[in-house]
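To start, the structure under review is shown below, and the notes come after it.
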Amino acid sequence: MKKAIVFVLLQLCIFSSVAQINTDRVMAIGRNALYFDDYILSIQYFNQVIKAKPWLAQPYFYRALAKLSLDDYSGAEEDCTLALQQNPFMAQAYYARGIARQSQGKYDLAIEDYRKGIEFRPKDRPMMTNTAIAYIQKKDYEKAKALFNEIIEAYPKEVNSYMARGSMHLETGDTITALADYNKSIEIDPYYAPAYGNRALLFYQTDKMEDALADLNEAIKLNPREEGFYINRGLVRYHLNDLRGAMSDYDHVIAINGKNLIARFNRGLLRFQIGDNNRAIEDFDVVITMEPDNYMAYYNRALLLSSIGEYHAAIKDYDVILEQYPNFLPGYYNRSDAKRNINDPVGADKDYWYAMELEKTHGNQKTQTTQTHTTPQQDNPENEDKDKKDIREESDRNINKFNSLVVYDKDDEQKSKYHSEIRGRVQDKNIRIDLEPQFILTYYEKTGKVKETVYYDKTIELFNERAALGWKLIITNQEASLNEFQINAHFASINEYSAKIEQNRKNADYFFGRGIDFMLVQDFTEAINNFDQATGIDPSYTPAYFNRAAVRYKQMEYELSNSTHDELAEAMSIQFGNNNKNTAQASSAIKDRDSRTYTYEMIIRDYNTVIQQDPSFIFAYFNRANLRCSQRDYKAAILDYNEAIRRNAEFAEAYFNRGLARLSQGDAKRGIADLSKAGELGIIEAYSIIKRMSTNN
């Protein structure tokens with residue numbers, strides 16, 4: 001209650017009153033938060049605007065986008081409806097509501113929304129594609145095919161259209177036409193990893209295991225972070241009798257993401273097969289803990305527990321399974337065997353004779369009934385060819401497939417397609433390669449990445465020793481979004497700093513701390529104002545100069561996102577090839593960049609000050625280099641990356657970005673060498689780029 005009161009008081013302090021808030025400013029801050037993936041925070045800002053001006057359509061729409069990103073499809077649908085009540089001509093709201101409805105299985109309503117959106121945006125490819133996918137989900141393949149043909153006629157170079165149509169043909173059993181579509185996708189863009197991944201599944205289903213393996217190897221080279229490729233390669237390797245390779249793939253996925261249940265389940269089955277029973281049980285323990293309704297994991301664990309003599313624990317698992325599947329004969333036979341081993345002949349006989357009675361009633365379903373040590377392909381040797389394809393998707397919960405390896409679920413791939421366009425950034429396009437992002441001083445960073453380098457810096461260490469702020473500062477270029485508790489804590493902290501500043505306006509730490517709080521709640525204007533105050537009070541306040549520059553860069557990035565997409569991509573990423581751009585468009589982008597010269601100069605000036613005050617602070621060189629890359633001043637950028645690397649020979653991000661800058665200048669040899677070093681230091685995306693450049697050369 002106390003936190004809630006503080007939060008409300010803070011809102012009144014910042015915005016005066018609900019009736020008088022500057023809705024344009026609050027909307028802008030909310031969109032900042034949305035752009036930088038702070039979805040929970042953005043919702044709070046949009047709530048403020050809605051309370052003040054409930055007749056506006058935009059805050060409902062943007063709140064819907066945040067809810068979509070949080071998988072709150074019902075809430076997103078409701079917000080889109082509210083937006084359309086205020087503005088029935090808002091095409092993007094129909095699109096977003098279509099995605100929300102499609103994600104809930106409301107295919108007819110989703111199609112209706114997409115059609116309405118297309119009325120306002122004729123030939124809109126994302127809406128047309130999602131409509132076709134909705135038809136596939138309805139099993140209306142003829143309408144889907146007709147629409148895909150229309151899309152491909154309008155956009156003959158769009159890879160995803162061929163991909164989606166190929167998936168449809170594969171689903172209908174037309175492998176020849178599906179293969180032609182996948183081949184066309186690869187012909188258009190030979191560096192698009194999902195095309196190889198999809199074609200690999202087709203090869204797998206048509207028993208072309210070597211071809212499937214080659215495609216998955218290529219997909220992994222192009223996108224080494226996609227867990228699904230490793231899972232499916234493990235499956236292919238298993239059927240090529242490469243158990244060591246399959247196990248290696250599942251180990252790799254689990255090292256990347258310990259919560260990947262497909263990899264856990266499959267590794268458990270492989271460990272079961274090679275007799276590594278205790279560690280197999282450990283894998284199924286994790287699966288069951290994270291997914292308590294995974295009855296296939298229960299059954300496999302029960303078999304394993306029986307195999308190591310843990311009959312009481314096995315019986316508990318059999319109980320769970322048989323409560324859910326009361327006609328599952330193998331469960332009764334194996335529970336009977338377990339009860340006999342704990343000297344419970346009455347219970348054992350009861351299960352055995354009940355199973356015999358069920359068998360008479362329901363026919364012979366006793367496949368794998370008495371084999372306590374059942375593993376993949378162990379039984380039914382006469383069906384080895386059939387077993388070769390004995391896989392299931394994660395969504396398939398047929399208990400009779402308990403010992404089938406799990407393939408990466410196509411539903412997950414489709415789901416990601418639905419979301420890829422709604423607020424996907426231009427930087428994500430395949431023709432572009434992103435720089436490693438700038439560093440910033442903050443309190444939080446993302447966890448769970450393969451590369452988890454913790455950079456030590458004496459300046460930051462000395463600052464933290466002063467305990468000037470309530471939190472410990474860290475330097476990172478992987479900022480984390482805040483949860484609701486953290487959001488409220490930083491709003492409260494702003495209020496506390498404001499009270500302190502009223503008592504003492506000469507304390508630079510108070511302004512710097514409040515500036516970080518405003519930065520974390522995505523209010524860049526107020527963050528910069530507070531950093532201004534800190535440097536005004538103490539001109540030697542190095543961290544304030546650094547963060548002011550970093551926040552201005554973030555503000556510039558957001559402002560560019562609201563201009564042309566091509567300009568955003570040009571400013572924030574590096575592009576190789578495809579240099580014959582429309583000259584008028586390029587000229588327009590140059591003019592827009594010229595208009596921001598003052599902002600660039602202010603950022604450069606701050607980094608210059610940081611370097612002058614603390615020449616050992618490598619992150620200022622790195623960030624200044626990134627800014628220069630955004631201006632296409634690669635020569636100056638390379639000099640800054642050089643200095644950062646000279647001061648820290650294991651600065652992976654600097655090698656990666658210097659490699660891209662060198663490649664952009666045509667220096668392929670040294671560029672690839674830098675990327676190789678970045679890959680060695682943990683940035684695995686570097687290998688994908690090396691592959692592309694080596695192929696081009």
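Note that these values count all heavy atoms, side chains included, but never hydrogens, waters or copies made by symmetry.
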The side-chain hydrogen bond (donor to acceptor under 3.5 Å, both in side chains) partners of D251 (sequence neighbours excluded) come to R267
Across all chains, not counting sequence neighbours, the side-chain contact (heavy atoms from CB on, under 4.5 Å) partners of I111 are R115, T131, A134, Y135, K138
Q) Side-chain contact, heavy-atom cut-off 4.5 Å: Y352 with Y333? A) yes
- Query: Just by distance, do the side chain of R271 and the backbone of R279 share a donor-acceptor pair under 3.5 Å?
  - Reply: yes
Exercise. Check whether any side-chain heavy atom of V253 sits under 4.5 Å from a side-chain heavy atom of I262, and report yes or no.
Key: no
Check: Taking the side chain as C-beta and beyond, is there a heavy-atom pair between I256 and R225 under 4.5 Å?
Finding: no
For D174, the salt bridge (Lys or Arg N to Asp or Glu O under 4.0 Å) test, sequence neighbours excluded, returns none
Practice task
Starting from the C-alpha separation in whole Å, work towards a yes-or-no answer on side-chain contact (heavy atoms from CB on, under 4.5 Å) for N260 and I231.
Solution key: CA-CA 10 Å; N260 190 303; I231 289 170; 3.6 Å; yes
Between A297 and V287, the two heavy atoms sitting closest are CB-CG1, 3.8 Å
Set out, in order, the CA-CA distance, both residues' side-chain angles and the distance that settles side-chain hydrogen bond (donor to acceptor under 3.5 Å, both in side chains) for Y73 and D71, then state yes or no. CA-CA 5 Å; Y73 304 122; D71 292 342; 2.9 Å; yes
**Message:** Quick check against the 3.5 Å criterion: does N341 have a side-chain atom that pairs as donor or acceptor with the backbone of G309?
**Reply:** no
Is there side-chain contact between L179 and R199, with at least one heavy-atom pair below 4.5 Å?
-> yes
By salt bridge (Lys or Arg N to Asp or Glu O under 4.0 Å), D249 pairs with (sequence neighbours left out) R233, R237
CZ of R244 to CD1 of I274, rounded to nearest 0.5 Å, is 9.0 Å
Hits for salt bridge (Lys or Arg N to Asp or Glu O under 4.0 Å) against D79, two or more places apart or cross-chain, chain-then-number order -> R63, K67
Separation between CG (N183) and OH (Y162), nearest 0.5 Å, reads 12.5 Å
Sequence neighbours excluded, the answer for salt bridge (Lys or Arg N to Asp or Glu O under 4.0 Å) partners of K145 is none
Correct closest heavy-atom pair for A338 and Y318 would be CB-CE1, 4.3 Å
Backbone N/O of A219 and side chain of N223: donor-acceptor pair under 3.5 Å = no
Residues passing the side-chain hydrogen bond (donor to acceptor under 3.5 Å, both in side chains) test with T442, sequence neighbours excluded, are none
So CD1 of I342 and CD1 of I315: to nearest 0.5 Å the spacing works out to 3.5 Å
*Start with the C-alpha distance between Q102 and N130, add both sets of side-chain angles, then the distance that settles side-chain contact (heavy atoms from CB on, under 4.5 Å), and finish with yes or no.*
CA-CA 9 Å; Q102 192 169 5; N130 278 12; 3.8 Å; yes
Open item on the list: Between H239 and Y204, does the side-chain hydrogen bond (donor to acceptor under 3.5 Å, both in side chains) criterion hold? Intermediate values first, please.
Closed with: CA-CA 10 Å; H239 289 304; Y204 177 86; 2.7 Å; yes
Would you find a donor on one side and an acceptor on the other, under 3.5 Å apart, between the side chain of Y230 and the backbone of S248? no
R101 meets the side-chain hydrogen bond (donor to acceptor under 3.5 Å, both in side chains) criterion, sequence neighbours left out, with E77, D113
Establish, yes or no, whether a centroid distance under 6.0 Å links the rings of F284 and F265.
-> yes
message: Using modelled atom types and a 3.5 Å cut-off, is there a donor and acceptor pairing between side-chain atoms of S336 and backbone atoms of Y332?
response: no
Tell me whether E484 at atom CD has more than 12 heavy atoms from other residues, nucleotides or ligands lying less than 6.0 Å away. no
Note to self: Evaluate Y325 against Y299 for side-chain contact (heavy atoms from CB on, under 4.5 Å), listing each step before the verdict.
What the structure shows: CA-CA 11 Å; Y325 298 97; Y299 189 61; over 6 Å; no
With ring centroids as reference points, do F439 and F651 lie under 6.0 angstrom apart? yes
Would you check if L322 and Q324 make a side-chain contact, meaning some heavy-atom pair closer than 4.5 Å? no
If we count only N and O atoms by modelled type, under 3.5 Å, do the side chains of D37 and Y39 hold a donor and an acceptor together?
yes
| Has the side chain of D38 got a donor or acceptor atom that lies under 3.5 Å from a matching backbone atom of L41? | no
To the nearest 0.5 Å, atom CG of L305 lies from atom OH of Y311 at 11.0 Å
To the nearest 0.5 Å, atom CG of D317 lies from atom CD of E310 at 11.5 Å
Does a salt bridge link K677 with E680, judged by any charged N lying under 4.0 Å from a carboxylate O?
-> yes
| query | So, does Y107 use its side chain to make a donor-acceptor pair with the main chain of I133 at under 3.5 Å? | reply | no
Side-chain heavy-atom pair R335, D319 within 4.5 angstrom cut-off: yes
Residues at least two apart in sequence or cross-chain that pass side-chain contact (heavy atoms from CB on, under 4.5 Å) with S74, listed by chain then number, are D72, Q104
Sequence neighbours excluded, the answer for side-chain hydrogen bond (donor to acceptor under 3.5 Å, both in side chains) partners of D349 is R340
Of all heavy-atom pairs linking Q205 and L170, the shortest is OE1-CD1, 3.8 Å
| field | Within-4.5 Å side-chain heavy-atom neighbours: M290 and R264 | value | no
Item to complete: For L240 and E210, run side-chain contact (heavy atoms from CB on, under 4.5 Å): C-alpha distance rounded to whole Å, both residues' side-chain angles, the deciding distance at 0.1 Å, then the answer.
Response: CA-CA 8 Å; L240 287 170; E210 295 292 348; 3.8 Å; yes
Interatomic distance, CG@N232 vs CG@L216, rounded to 0.5 Å, equals 6.0 Å
The ring pair (Phe, Tyr, Trp, His ring centres under 6.0 Å) partners of W353 (sequence neighbours excluded) come to none
* **Donor-acceptor pair between Y444 and S481 side chains, under 3.5 angstrom** => no
The side-chain contact (heavy atoms from CB on, under 4.5 Å) partners of A195 (sequence neighbours excluded) come to M163, S185, I186, Y192
Report yes if the side chains of Y182 and P194 come closer than 4.5 Å at any heavy-atom pair, otherwise no.
no
Between L675 and A686 the two heavy atoms that sit nearest each other are O-CB, 3.2 Å
Heavy atoms of I254 and A263 approach each other most closely as CG1-CB, 3.8 Å
Between Q486 and N483 (side chain of the first, backbone of the second, donor and acceptor by atom type, cut-off under 3.5 Å), is there such a pair? yes
Heavy atoms of P326 and L358 approach each other most closely as O-CD1, 3.8 Å
